[in-house]
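Since the structure comes first, as structure tokens, the remarks are kept for the end.
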Amino acid sequence: MLDRTAATSPAYIVDAADPQHLRRAIADVTLGFSRWRLASALAWLDLRNRYRGSVLGPFWLTLSTAAMLLGLGLLYAALFKMSLAEYLPHLAVSLVIWNAIAQMVNEATTSLTSSEGIIRQMPLPYTVHALRCVMRNGLVAAHNLPLIGVVFLACGHLPGPEALLAIPGFILIGINAFAAALLLGMICARFRDIGPIVASVMQLAFFLTPILWKPRLLGHWEALMPLNPFYAVLETVRGPLVEGGGPLIAWVAAVIYTVLLVVIAAAFFVRFRGRVAFWV
């Protein structure tokens, strides 16, 4: 006689010899992107909670960026013996884009651990949490983008048609941000001391990347700049807006670095996705 309890209860069968890591990872990404509205709603909620009680909200970041832009512009234009009209457009694009990149990388380290409660209670794709991190920082970065237009108008700088190349540059930054949110989110969930290391690396990268200074100041060493991945990705946006398109080698390097990051993040996600719930 069959056991009625056993017949009506669901059977959970897992084949240890065939864990289907790849299929589950693809399903996670597919389902996660199909729920992009949920990710955007959570990102907007994060901003509302972060700036609750504030009068200006995220525009405080815009004001601080504007103050830094003015102060650094006056100082380094004098140090480099450049006119403000020449130096400020370079600094404005560099500083705004760098702040977005640095903020995304730093918050990527907590993209999963910050959602610990949701991960342990709801079967939500991990891709949603990565998208939430990217969208949240994208919304913050959007508040600073008008500063570039203000500086361009004040300095009389008018980009040509090549400025449209900045659009694929922003797309590359978004792809890198999503891959970093998955990769660093998992690594930092497993090893919590990686987060401070990443923050220190980003501080060092700020000075090693041509943000306050122009690459041509390096002389013959300028040819080595594409070895810096932050320079390559930054130049895909700054080049079209300031330099008339940017060097081709920077675009090639940016695409190569993006592909490498995506491949590494995908391999790590396929292999260790099933352990994330135990790590956070």
Side-chain angles (χ1 to χ4, degrees), residues 9-43 46 101 103-138 168-195 197-198 201-202 229-230 232-233 236 251-280:
S9 61
Y12 297 96
I13 302 175
V14 177
D15 186 359
D18 184 21
Q20 299 182 345
H21 291 308
L22 180 59
R23 184 183 65 83
R24 295 178 185 274
I26 294 176
D28 187 297
V29 174
T30 303
L31 184 59
F33 274 97
S34 69
R35 296 183 178 180
W36 63 269
R37 292 182 180 85
L38 173 61
S40 62
L42 291 173
D46 288 339
I101 293 175
Q103 189 69 19
M104 285 183 180
V105 171
N106 287 327
E107 292 201 9
T109 60
T110 59
S111 62
L112 296 179
T113 54
S114 61
S115 302
E116 173 186 356
I118 298 178
I119 291 176
R120 295 195 175 192
Q121 297 180 32
M122 297 179 60
L124 200 64
Y126 299 131
T127 306
V128 170
H129 305 299
L131 286 175
R132 175 185 183 181
C133 177
V134 174
M135 291 181 176
R136 180 175 64 243
N137 287 281
F170 281 115
I171 294 175
L172 281 178
I173 291 177
I175 295 173
N176 280 279
F178 174 74
L182 277 182
L183 180 61
L184 291 178
M186 288 186 292
I187 293 178
C188 293
R190 177 62 180 87
F191 304 102
R192 301 301 174 93
D193 50 352
I194 299 297
I197 296 176
V198 172
V201 170
M202 295 306 296
F230 295 106
V233 175
T236 60
W251 282 92
V252 174
V255 172
I256 292 175
Y257 291 134
T258 301
V259 171
L260 287 177
L261 180 59
V262 169
V263 169
I264 294 173
F268 202 90
F269 188 63
V270 170
R271 180 63 182 85
F272 298 107
R273 176 191 168 278
R275 304 183 186 181
V276 172
F278 301 97
W279 289 348
V280 295

Under 3.5 Å donor-acceptor, Arg275 side chain and Arg190 backbone: no
Do Arg132 and Ile118 pass the side chain to side chain contact (heavy atoms under 4.5 Å, CB included) test, and can you show the C-alpha distance, the side-chain angles, and the key distance before you say yes or no? CA-CA 13 Å; Arg132 175 185 183 181; Ile118 298 178; 3.8 Å; yes
For the CG atom of Asn106 and the CE atom of Met104, what is their distance to the nearest 0.5 Å? 12.0 Å
As an exercise, state the distance from CZ of Phe278 to CZ of Arg120, rounded to the nearest 0.5 Å. 9.5 Å
If you take all heavy atoms of Ser111 and Cys133, which pair is closest and at what distance? CB-CB, 4.0 Å
Rounded at 0.5 Å granularity, tell me how far OG1 in Thr110 sits from CZ in Arg192. 10.5 Å
Give me the atom names and distance for the closest heavy-atom approach of Val270 to Ala25. CG2-CB, 3.7 Å
Side chains of Leu42 and Met135: closer than 4.5 Å at any heavy-atom pair? no
In residues 254-267, what donor-acceptor pairs under 3.5 Å come from side-chain atoms, sequence neighbours left out?
| from | atom 1 | to | atom 2 | distance (Å) |
| --- | --- | --- | --- | --- |
| Tyr257 | OH | Pro226 | O | 2.9 |
| Tyr257 | OH | Leu227 | O | 3.2 |
| Thr258 | OG1 | Asn176 | ND2 | 2.8 |
| Thr258 | OG1 | Ala254 | O | 2.7 |

Just so I know, are the side chains of Val105 and Val201 near enough to count as touching, which here means a heavy-atom distance under 4.5 Å? no
Provide the closest heavy-atom pair for Ala130 versus Phe178 in the form atom of the first, atom of the second, distance. CB-CE1, 3.7 Å
Are His21 and Arg273 side-chain neighbours, meaning at least one heavy-atom pair lies under 4.5 Å? no
Inter-residue atom distance Gln103.CD - Arg136.CZ, 0.5 Å rounding: 8.5 Å
Considering all heavy atoms of both residues, which atom of Leu124 and which atom of Arg35 are nearest to each other, and what is their separation? CD1-NH1, 3.3 Å
Euclidean distance, Leu131 CG relative to Leu182 CG, rounded to 0.5 Å: 8.0 Å
State the CG-CG distance between Leu112 and Leu184, to the nearest 0.5 angstrom. 10.0 Å
Chi angles and distances behind the side chain to side chain contact (heavy atoms under 4.5 Å, CB included) call for Ile173, Val233: CA-CA 7 Å; Ile173 291 177; Val233 175; 3.5 Å; yes
List the atom of Tyr126, the atom of Asp28, and the distance in Å for their closest heavy-atom pair. N-OD2, 3.1 Å
Closest heavy-atom contact between Cys188 and Gly195? SG-N, 3.8 Å
If the plane angle is over 60° it's perpendicular, under 30° parallel, otherwise tilted; pick one for Phe272 and Trp279. tilted
